[in-house]
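Single-structure report; data block below.
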Amino acid sequence: MADEMESHGTSADAVTTEFDAVIVGAGLSGVYMLHRLRELGLTARVLEAGTDVGGTWYWNRYPGARCDTESMFYSYSWPEDLREEWTWSSRYPEQHEIQGYISHVTERFDLRRDMQFETRVTRAAFDETAKRWTIETDGPDTFSARFCIMATGCITKPNLPDWEGVDSFEGETYHTARWPKDDVDFTGKSVAVIGTGSTGIQAIPMIAARAEELTVFQRTPNFSIPAWNGPLDPRHERKIKDNYDKYWDMARWSSTGLMFEIRERSLFDDSEEEREREFERRWAQGGFSFLFAYSDILTDRKANEEVAEFVRNKIRSRVDDPEVAETLCPRSHPFATTRLCVDTDYYETYNRDNVTLIDLRETPIEAVTPSGLSTTDAQFNVDAIVFATGFDNMTGALFSIDIRGRSGEALKEKWAAGPRTYLGIGTAGFPNLFTITGPGSPSVISNMMTSIEQHVEWVADCLEHLTSEGVETIEPRVEAEDDWVEHVNKVANGTLFPEADSWYTGANIPGKARIFTPYVGGVGTYRKKCDEVAAMGYDGFVLA
Ligand code: NAP
């Protein structure tokens with residue numbers, strides 16, 4: 001039965017509010033989760049630290065921020081009239097447009113009235129007697145809920161290098177994931193950008209176009225494929241909209257959650273000329289399609305190296321200075337075992353007179369100084385430093401909240417050696433806690449939109465089942481969780497992914513347990529497993 005009531009807490013203005021569910025985060029997951037719970041007649045409150053909806057698209061508003069999943073598949077698949085009324089302007093959606101879309105959906109379904117902004121969740125603890133979660137915030141409000149749903153995102157907590165003197169810099173500093181809402185004008189300024197991941201690769205060309213001087217500090221080069229972005233072709237849009245259900249169904253059961261032409265063919269089944277032709281064809285298509293030219297690119301070292309060398313040659317052809325080109329060529333990891341980047345004019349930016357590339361592998365940064373950055377080789381005086389240094393991914397947002405399960409067990413302690421989940425949805429000892437696109441699910445290795453929808457729908461169906469059957473709590477069995485963690489690792493170990501020092505393994509955060517977190521077994525395979533678990537009465541979970 002739906003419950004929503006307020007009771008007065010201990011301090012004069014503290015109020016405890018009771019709901020069936022508290023959803024943490026108002027990004028794409030939180031918005032859809034709220035909508036589904038409303039449909040079930042459950043009461044829910046979304047708690048969000050930002051001032052508006054958007055999640056990652058609210059925080060990451062740096063110049064050039066754009067999704068590298070194509071617009072037509074970076075939209076909710078429901079309902080039909082929503083799809084018809086929304087039109088994206090370009091092939092890949094820009095940050096402000098995605099935020100506009102999420103805002104539009106929020107208004108369209110009148111979701112805002114169940115959302116509370118500028119409210120950061122600090123603690124969530126399971127009360128074993130009441131069988132409810134107590135959710136504390138940085139404000140006076142405390143919430144009590146049967147279900148606690150973490151829609152906190154995978155790429156949420158910014159990573160700032162802990163360099164000597166990092167607070168001593170007297171110029172402007174920015175982290176791309178905390179970009180100001182007002183325009184930042186770099187005209188006439190000398191700017192340093194640290195980091196060349198997906199974010200840096202998008203921001204660098206935009207900053208270079210405005211700044212007087214740009215110095216890019218690169219530790220590890222990444223592979224990037226051109227986006228060939230442009231206005232969305234209305235004929236393409238019509239075709240997708242007219243066949244939306246068919247395409248979405250294909251995406252849901254595909255390996256990636258995206259609509260790519262995937263060739264189930266080894267690279268070595270083609271002659272060298274055929275391979276070259278296929279690579280060129282995929283290069284001309286742009287974006288992630290390149291990854292699916294052959295089925296063994298991510299499993300066979302030799303096949304992978306051939307693709308890697310093709311992309312390195314493209315870098316060499318795009319960059320005028322051969323020495324700079326070589327510095328930009330990745331060699332420390334197999335192709336696409338760190339997140340593949342998608343760019344617009346990234347490599348060409350290094351042909352500009354106002355751009356300099358510094359290789360931190362040769363000359364590491366030693367300190368931040370009041371006037372800039374000093375490496376082992378030189379001092380760089382700049383007006384502004386942009387940290388495009390990524391995130392404490394997958395677990396960072398969850399660990400920022402003091403999450404306590406049965407007997408006060410801390411999630412952070414339970415997961416000290418790496419996250420342990422069953423299906424990436426729940427973890428033993430933490431009843432009625434759900435993690436949308438949590439570690440151990442396809443999440444960041446798939447189209448986030450497909451994976452978000454799948455998790456939200458699975459959780460909503462589960463809550464409906466529990467409510468109708470009068471079940472108080474659900475949590476994974478330890479053995480099911482252990483088997484799943486082992487399976488996730490086994491599947492990852494059958495690929496080249498674990499060879500890279502990537503954020504997928506936590507290697508980007510000093511001291512973080514190194515374990516490959518996303519499930520690479522495929523979106524369709526994973527969906528089938530989740531559906532079977534539900535059909536078998538939530539096999540692997542304890543329902544009490
Ligand atoms: P990232 O991929 O983790 O890249 C961070 C960059 O900062 C790396 O080049 C890293 O070097 C560098 N760095 C970090 N700490 C450093 C240090 N102490 N010294 C020197 N360099 C340091 O982070 P991101 O670029 O923000 O992207 C994160 C993820 O967000 C992406 O992989 C993607 O999934 C998502 N994203 C998506 C889009 C999109 O279009 N959909 C756009 C942007 C981001 P190392 O590699 O050597 O660690």
Side-chain angles (χ1 to χ4, degrees), residues 28 55-57 59-71 73-74 90-95 97-98 153-164 166 174-179 192-204 206 216-225 227 229 258 287-288 328 330-333 336-344 346 357-368 373 375-376 385-394 396 437 443-449 451 500-512 517-518:
L28 286 160
T56 198
W57 299 108
W59 297 104
N60 288 272
R61 48 183 78 229
Y62 58 85
R66 191 180 282 280
C67 183
D68 46 23
T69 294
E70 296 195 20
S71 308
F73 290 97
Y74 205 73
S90 46
R91 178 177 173 185
Y92 298 94
E94 221 182 322
Q95 175 269 331
E97 203 174 3
I98 305 173
C154 302
I155 301 169
T156 308
K157 188 184 173 197
N159 168 46
L160 198 63
D162 156 27
W163 287 319
E164 192 192 317
V166 79
Y174 304 95
H175 193 291
T176 47
R178 290 292 177 271
W179 204 261
V193 172
I194 300 150
T196 52
S198 297
T199 300
I201 281 177
Q202 287 184 334
I204 285 163
M206 305 295 289
V216 177
F217 294 84
Q218 169 193 276
R219 188 166 64 183
T220 313
N222 270 297
F223 290 98
S224 186
I225 307 291
N229 190 32
L258 289 160
F288 291 126
L328 289 165
R331 281 184 199 81
S332 62
H333 56 276
T337 52
T338 61
R339 168 66 149 70
L340 186 60
C341 301
V342 177
D343 73 277
T344 297
Y346 173 62
L357 178 66
I358 303 298
D359 182 357
L360 295 181
R361 302 250 166 187
E362 293 286 319
T363 57
I365 290 174
E366 287 193 316
V368 179
L373 291 153
T375 67
T376 49
I385 303 177
V386 173
F387 290 92
T389 43
F391 302 83
D392 180 355
N393 298 290
M394 309 304 284
T437 62
S443 60
V444 292
I445 225 84
S446 67
N447 174 7
M448 284 303 289
M449 209 69 186
S451 291
D501 282 338
S502 68
W503 63 254
Y504 295 142
T505 63
N508 64 324
I509 301 295
K512 190 167 175 173
T517 352

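Read the numbers this way: they start at 1 and go in the same order the structure lists the ligands and their atoms.
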Quick look: L360 vs ligand 1, heavy-atom contacts under 4.0 Å, and the answer is side chain
Minimal non-hydrogen separation, R339 against S198, with atom names: NH1-OG, 3.5 Å
Look only at interatomic distance and state if W503 has a nitrogen or oxygen under 3.5 Å from any nitrogen or oxygen of ligand 1. yes
Distance-only N or O hit between ligand 1 and D68, under 3.5 Å: yes
Where ligand 1 meets R66 - atom numbers and elements under 4.0 angstrom, heavy-atom basis: 39 (C), 40 (O)
By number and element, which atoms of ligand 1 are closer than 4.0 Å to a non-hydrogen atom of I155? 29 (C), 30 (O), 34 (O), 35 (C)
Among G64, P221, C67, G390, closest by any non-hydrogen atom to atom 23 (O) of ligand 1: G390
Need the ligand 1 atom indices (1-based, order shown) with element for anything under 4.0 Å from a heavy-atom of F391. 26 (O), 28 (C)
Run K512 and D392 through side chain to side chain contact (heavy atoms under 4.5 Å, CB included) and show every step you take. CA-CA 9 Å; K512 190 167 175 173; D392 180 355; 2.6 Å; yes
Between D501 and R219, does any side-chain N to carboxylate O distance fall below 4.0 Å? no
Run T156 and W59 through side chain to side chain contact (heavy atoms under 4.5 Å, CB included) and show every step you take. CA-CA 9 Å; T156 308; W59 297 104; 5.7 Å; no
Counting from 1 in the order shown, the ligand 1 atoms closer than 4.0 Å to a non-hydrogen atom of G195 are 6 (C), 7 (O), 9 (O), 12 (C)
Ligand 1 and A388, any nitrogen or oxygen pair closer than 3.5 angstrom? yes
Could you tell me if any non-hydrogen atom of W163 lies under 4.0 Å from any atom of ligand 1? yes
Locate the shortest heavy-atom distance separating I509 from F391; write the atom from each residue and the value. CD1-O, 3.7 Å
I need the atoms of ligand 1 closer than 4.0 Å to a non-hydrogen atom of T199, numbered in the order shown. 24 (P), 25 (O), 26 (O), 27 (O), 43 (C), 44 (C)
Going by distance only, is there an N or O of T220 that falls short of 3.5 Å from an N or O of ligand 1? yes
Would T199 and T176 count as a side-chain hydrogen bond (donor to acceptor under 3.5 Å, both in side chains) if you check the C-alpha gap in whole Å, the side-chain angles of each, and the deciding distance to 0.1 Å? CA-CA 7 Å; T199 300; T176 47; 4.7 Å; no
Look only at interatomic distance and state if W57 has a nitrogen or oxygen under 3.5 Å from any nitrogen or oxygen of ligand 1. no
Where is the tightest heavy-atom contact between L373 and V368, given as atom of each residue plus distance? CD2-CG2, 3.8 Å
Specify whether W57 and Y74 have parallel, tilted or perpendicular ring planes, treating 30° as the upper limit for parallel and 60° as the lower limit for perpendicular. perpendicular
